[in-house]
Amino acid sequence: MAYKTPQQLLDKAQSLAGFTLGELASKYQADVPTHLLREKGWIGQFIEYLLGAKSGSLAQPDFPELGIELKTIPIDRYGRPLESTYVSVVPLNNLAGLSWHNSVVRHKLLHVLWLPIIAEKEIPIEQRQIAMPFLWHPSQQQEQLLQQDFEDVIETVAMGKIDQIDARFGELMQVRPKAANSKALTEAIGPDGETILTLPRGFYLRPQFTRSILDEQF
DNA sequence: TCGTGATCATAA
DNA sequence: TTATGATCACGA
């Protein structure tokens, strides 16, 4: 399934609106997990499959030829996000030459296909319904704020102060651990320029920001 | 082992 | 109720 235009991809995504995950799964002979305790990414990966994304775990948008990133987002019945949205890992070393302009996070956020799913916890997963997907790109002001968050983080990391960054850092985009567990460590720059070990981190969009994106759309 | 898909569990 | 820090599965 190769899309020639963003509109084709959007049409395909919107054709899923109104269906439950159970309906779509039975159509494709897939099994819906009864809970997400161990398969936290199942819904996202199932939607990727339905839409034909195949970027896998590469650090690039899901549809590289279109430059479009697919994000499923759990919402309540009023359309409010239930979780933050993961974007990409935070670079912690080899920062020379890294800029907002050439960053993975910017390339992913430049064009996003949002696919909201009504996912209140009391709704069984197979009964969760897909809401209306839409294409989004950040406004000039939004990109400016995202760039600022990004540059503040990278500057702090470059100064060897990664350990001073927690989830309160960043206005639209925060930084949180992104690892198999709290014992998984990766290399970063220490206070004296030495190599230290620290938790891998990820950039996440705050729910307040994604809520404003959804509000603009609906 | 790392980056992808994220949600879970509990402290605040 | 919300936000933070922790965690799970998979593919390359």
Side-chain angles (χ1 to χ4, degrees), chain A residues 13 16 21 24-25 30-64 67-94 98 103-109 112-126 128 130 133 149 153 162-188 195 197-212:
Chain A
L16 304 177
L21 293 174
L24 293 168
D31 293 320
V32 182
T34 55
H35 58 71
L36 299 175
L37 277 173
R38 279 184 290 281
E39 297 166 89
K40 299 182 178 184
W42 184 87
I43 294 176
Q45 288 166 350
F46 181 54
I47 299 297
E48 281 189 343
Y49 165 75
L50 293 181
L51 295 182
K54 25 180 141 32
S55 189
S57 63
L58 302 180
Q60 58 174 254
D62 297 291
F63 299 92
I68 292 175
E69 173 75 7
L70 170 67
K71 286 294 177 200
T72 62
I73 181 168
I75 58 171
D76 67 14
R77 73 190 77 179
Y78 309 110
R80 296 176 299 213
L82 292 170
E83 290 283 354
S84 55
T85 301
Y86 170 71
V87 181
S88 73
V89 295
V90 177
L92 296 180
N93 55 20
N94 306 126
L98 174 62
S103 67
V104 170
V105 49
R106 174 171 172 273
H107 283 101
K108 287 191 171 186
L109 292 181
V112 178
L113 173 60
W114 292 101
L115 195 146
I117 298 178
I118 302 172
E120 290 169 328
K121 293 194 63 127
E122 56 269 30
I123 304 175
I125 295 168
E126 62 172 25
R128 294 182 186 177
I130 298 181
D149 285 345
V153 169
I162 176 64
D163 288 340
Q164 293 181 17
I165 296 181
D166 64 19
R168 288 162 289 196
F169 210 93
E171 189 177 337
L172 307 189
M173 194 167 61
Q174 61 181 173
V175 170
R176 306 220 306 277
K178 173 65 168 159
N181 55 59
S182 59
K183 289 164 193 147
L185 299 175
T186 192
E187 293 186 349
T195 295
L197 292 176
T198 191
L199 272 174
R201 316 298 167 91
F203 285 115
Y204 294 78
L205 301 180
R206 294 185 180 277
Q208 281 286 24
F209 177 47
T210 52
R211 179 174 178 174
S212 72

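Predicted model, so just to flag it, every value in this text is computed and none were measured. Only this structure's heavy atoms are used, side chains among them; waters, hydrogens and symmetry mates stay out. Just so it is clear: chains get the letters A, B, ... in the order the sequence lines come, proteins before strands, and each one is counted from 1.
- Contact annotation: A:Tyr86 does not reach the phosphate of B:dG5 (side-chain N/O to OP1 or OP2, under 4.0 Å).
- Looking at heavy-atom distances under 4.0 Å, A:Leu199 makes contact with sugar-phosphate atoms alone, never a base.
- Among the protein residues, A:Ala184 comes within range of no part of the nucleic acid, since none of its heavy atoms lies under 4.0 Å from any strand.
- One N or O on the side chain of A:Glu120 and one on the backbone of A:Arg77 form a donor-acceptor pair closer than 3.5 Å.
- DNA chain B is contacted by both A:Leu185 and A:Arg128; A:Leu185 maps to the nucleotide lying nearer its 5′ end (nearest heavy atom per residue).
- Taking only distance into account, the side chain of A:Glu83 meets the base of B:dC8 through a donor-acceptor pair shorter than 3.5 Å.
- Protein atom CZ of A:Phe209 is 18 Å distant from nucleotide atom C1' of C:dA3, rounded to whole Å.
- Here B:dG3 is the nucleotide among C:dT7, C:dA9, B:dG3 with the atom lying nearest to any side-chain atom of A:Val89.
- For A:Lys108, taking side-chain heavy atoms from C-beta onward, the closest of the listed nucleotides B:dC2, B:dC8, B:dT4 is B:dT4.
- Set against C:dT4, B:dT4, B:dG5, the side chain of A:Lys40 has B:dG5 as its closest nucleotide.
- Residues A:Arg206 and A:Ser182 both approach DNA chain C. Their nearest nucleotides, taken by heavy-atom distance, put A:Arg206 toward the 5′ side.
- Rounding to whole angstrom units, CD of residue A:Gln45 and P of C:dG11 are separated by 8 Å.
- Nucleic acid contact class of A:Gly41 (heavy atoms, under 4.0 Å, all strands): base.
- Here the P atom of nucleotide B:dA6 and the CG atom of A:Leu115 are 10 Å apart, to the nearest Å.
- At a threshold of 4.5 Å between non-hydrogen side-chain atoms, the residues A:Thr195 and A:Asn93 do not count as touching.
- At the heavy-atom level, A:Glu69 lies under 4.0 Å from the strands shown only through sugar-phosphate atoms.
- Panel note: side chain A:Arg80, backbone A:Ile75; no donor-acceptor pair is recorded below 3.5 Å.
- Residue order along DNA chain C, read from the 5' end via each residue's closest nucleotide, puts A:Gln174 first among A:Ala180 and A:Gln174.
- The side chain of A:Thr186 approaches B:dC2 more closely than any other nucleotide in the set C:dT7, C:dC8, B:dC2.
- Using a 4.0 Å heavy-atom criterion, one finds that A:Lys183 contacts no nucleic acid atom at all.
- One can place CG of A:Leu205 at 12 Å from P of B:dG5, the figure rounded to the nearest angstrom.
- By the neighbour-count criterion of 12 heavy atoms within 6.0 Å, atom CG of A:Asp31 is sparsely surrounded, having that number or fewer from other residues, nucleotides or ligands.
- Comparing C:dG5, B:dC8, B:dG5 by their closest approach to the side chain of A:Pro177 singles out C:dG5.
- Spacing between atom OH of A:Tyr49 and atom P of B:dA6 amounts to 17 Å, rounded to whole angstrom units.
- Looking at A:Lys178, its side chain comes within 3.5 Å of the base of B:dT4 through a donor and an acceptor atom.
- As judged by a 4.0 angstrom heavy-atom cut-off over every strand, A:Thr72 is placed among residues touching the sugar-phosphate backbone only.
- Residue A:Pro200 is out of contact with every strand shown, counting any heavy-atom pair closer than 4.0 Å.
- The nucleotide whose nearest atom lies closest to any side-chain atom of A:Lys71 is, among C:dT7, B:dC8, B:dG5, B:dG5.
- If you take CD of A:Gln208 and C1' of C:dT4, they are 15 Å apart, rounded to a whole angstrom.
- Using modelled atom types and a 3.5 Å distance limit, the side chains of A:Thr186 and A:Arg201 yield no donor-acceptor pair.
- Scanning atom types as modelled, no donor and acceptor separated by under 3.5 angstrom connect the side chain of A:Tyr204 and the base of C:dA3.
- A:Leu82 comes within 4.0 angstrom of no nucleic acid atom, judged by non-hydrogen atoms across all strands.
- Rounded to whole angstrom, the span from the CZ atom of A:Arg38 across to the C1' atom of B:dA9 amounts to 15 Å.
- In terms of position along DNA chain B, the nucleotide closest to A:Ser88 lies nearer the 5' end than the nucleotide closest to the other residue of the pair A:Lys121 and A:Ser88.
- Between the CD1 atom of A:Ile125 and the P atom of B:dA6 there is a distance of 14 Å, given to the nearest Å.
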Kindly determine whether A:Leu185 and A:Thr198 satisfy side chain to side chain contact (heavy atoms under 4.5 Å, CB included), including the steps that lead there. CA-CA 5 Å; A:Leu185 299 175; A:Thr198 191; 5.6 Å; no
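- No side-chain donor-acceptor contact under 3.5 Å links A:Arg176 to the backbone of A:Tyr204.
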